[in-house]
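Take a look at the structure below.
Atoms considered below: every heavy atom in the structure, side chains included; atoms not considered: hydrogens, waters and symmetry mates. Quick note: residue numbers are just sequence positions, from 1.
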Amino acid sequence: MPGGARTLRDRIAARRLRPVRPRLRFELVLIGIGYWVYNLVRNAVPQHAETAKAHANLVWDLERSLGLAFERSVNHGLDAVTWVIVGMNYYYATLHFVITIAVLVWLYRSHPGRYPAVRTALAAATGIALVGYYVFPMAPPRMLPGFIDTVTVHHTWGSLASGAGATISNQYAAMPSMHFGWALWCGLTVFFLSGRAWLRALGLLYPLFTLTVIIATANHLWLDAAGGAVCLGVGFVAARLLFHRWAYRFPRIPASWQAAGPRVAGQWPVPGEAAARRR
């Protein structure tokens, strides 16, 4: 029994140090189940309206005490430009999912050696956020006096934050903002792993623009975004502890995989050894 346990520990340690090739079918199932569980848990959080609004006022008062409560001005200023705020409403409702999925697909196909650790960082950050929704339910600023609910005012579709979608989504999950947390994960992943300068620049701009959108639409305060960034930071630390290496430091395609037989379905053909050693 001790020998068997030692063998199991050795196998786990080897798996941490050398992630196996990601399998497309497994990853699709994992992402689907993960997203389902995320929504299930997020929407199962007890929705105590008064407590959530009290927490929102607490964070808003903290920002004001710091002299950094600028969200209301941004919300009103951009709401005055109809085409801009309508576009931001649709951005908030759609790109959060579209861009994250696109980056996951790109990461899986082009950087399979890094995929497991980078994906794990995102999953861990999301799990930590779910704990935050339970511990600190918080209303979005659009529910506070003086803010404009831009989805309601401009009658845009697609958002679960306002309007008809509000009846099927937890409205008191503003802290932390995983709209920003996921956008930051996407931006960092593209910035660190892309070899094209213009894509790296877009990687840096994407979370900044997302921050502008979530503030302009009154769905989050900037401290909510800071909470999302903290969750992501802890997620990367968790991945580091699990894999014994920072997520972006893995080789794009480990040399040991090149002689391991056929490539994984859905990935690009494995390049030669010289290409494999490149970023």
Side-chain angles (χ1 to χ4, degrees), residues 16 19 22 26-47 52 55 59 91-108 111 114-140 159-161 165 168-193 203 206-207 210-211 213-214 219-243 246-248 250:
R16 286 175 173 174
F26 172 79
E27 292 299 326
L28 290 175
V29 171
L30 184 65
I31 291 171
I33 292 176
Y35 182 68
W36 175 73
V37 170
Y38 171 75
N39 280 286
L40 183 68
V41 174
R42 183 179 186 271
N43 295 333
V45 175
Q47 299 192 30
H55 287 164
V59 174
Y91 178 109
Y92 182 87
T94 58
L95 290 191
H96 174 54
F97 306 103
V98 173
I99 298 297
T100 304
I101 291 172
V103 172
L104 277 168
V105 171
W106 170 75
L107 182 64
Y108 175 86
H111 298 267
R114 295 159 177 158
Y115 177 88
V118 181
R119 177 256 288 141
T120 298
L122 178 65
T126 303
I128 294 165
L130 289 176
V131 176
Y133 300 148
Y134 267 100
V135 174
F136 195 79
M138 177 175 153
S159 176
L160 295 179
I168 61 173
S169 177
N170 178 16
Q171 298 304 291
Y172 307 118
M175 171 66 85
S177 169
M178 290 317 289
H179 254 82
F180 182 76
W182 287 15
L184 184 59
W185 176 87
C186 291
L188 291 175
T189 299
V190 171
F191 176 77
F192 282 113
L193 301 185
Y206 175 57
T210 298
L211 177 62
V213 167
I214 64 177
N219 280 294
H220 293 283
L221 300 171
W222 71 263
L223 275 176
D224 302 340
V230 169
C231 287
L232 184 62
V234 176
F236 275 112
V237 171
R240 171 68 174 80
L241 294 174
L242 180 63
F243 292 99
W246 291 109
Y248 299 127
F250 282 92

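Using the six-membered ring where Trp is involved, His179 and Phe97 have ring planes that are perpendicular, over 60° apart on the 30 and 60° scheme.
Between atom CG of residue Leu104 and atom CD1 of residue Ile101 there is a gap of 7.5 Å, rounded to the nearest 0.5 Å. A distance of 11.5 Å separates OH of Tyr133 from CE of Met138, quoted to the nearest 0.5 Å. Summarising the geometry, atom SG belonging to Cys186 is positioned 10.0 Å from atom CG belonging to Leu107; distances are rounded to the nearest 0.5 Å. Note that the OG1 atom of Thr126 and the CE atom of Met178 stand 4.5 Å from one another [nearest 0.5 Å].
Gly235 and Ile128 make their closest contact through N-CD1, 4.3 Å (heavy atoms, listed as atom of the first residue, atom of the second, distance). Residues Gly132 and Pro176 share a closest heavy-atom pair of CA-CD, 4.4 Å. Closest approach of Leu223 and Met175 over heavy atoms only: O-CE, 3.5 Å.
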Q) Under the side chain to side chain contact (heavy atoms under 4.5 Å, CB included) criterion, do Phe250 and Val118 qualify, and how do the steps go? A) CA-CA 10 Å; Phe250 282 92; Val118 181; over 6 Å; no
Q: Show your working on side chain to side chain contact (heavy atoms under 4.5 Å, CB included) between Leu122 and Thr100 and close with a plain yes or no.
A: CA-CA 10 Å; Leu122 178 65; Thr100 304; 4.2 Å; yes
Q.
Apply side chain to side chain contact (heavy atoms under 4.5 Å, CB included) to residues Leu232 and Phe180 and explain how you reach the verdict.
A. CA-CA 10 Å; Leu232 184 62; Phe180 182 76; over 6 Å; no
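A 4.5 Å side-chain heavy-atom check between Ile99 and Thr210 finds every atom pair outside the cut-off. In this structure, Ser177 and Ile214 have side chains that are in contact, with non-hydrogen atoms separated by less than 4.5 Å.
Listed by chain and residue number, Ala52, Lys53, Ala56, Met143, Tyr172 satisfy the side chain to side chain contact (heavy atoms under 4.5 Å, CB included) test with Ala139 (two or more places apart in sequence, or in another chain). Tyr206 pairs by the ring pair (Phe, Tyr, Trp, His ring centres under 6.0 Å) definition with nothing, not counting sequence neighbours.
Each of Trp246, Trp185, Tyr248, Phe243 was evaluated against Phe236; a single residue qualifies, Tyr248, per the ring pair (Phe, Tyr, Trp, His ring centres under 6.0 Å) test.
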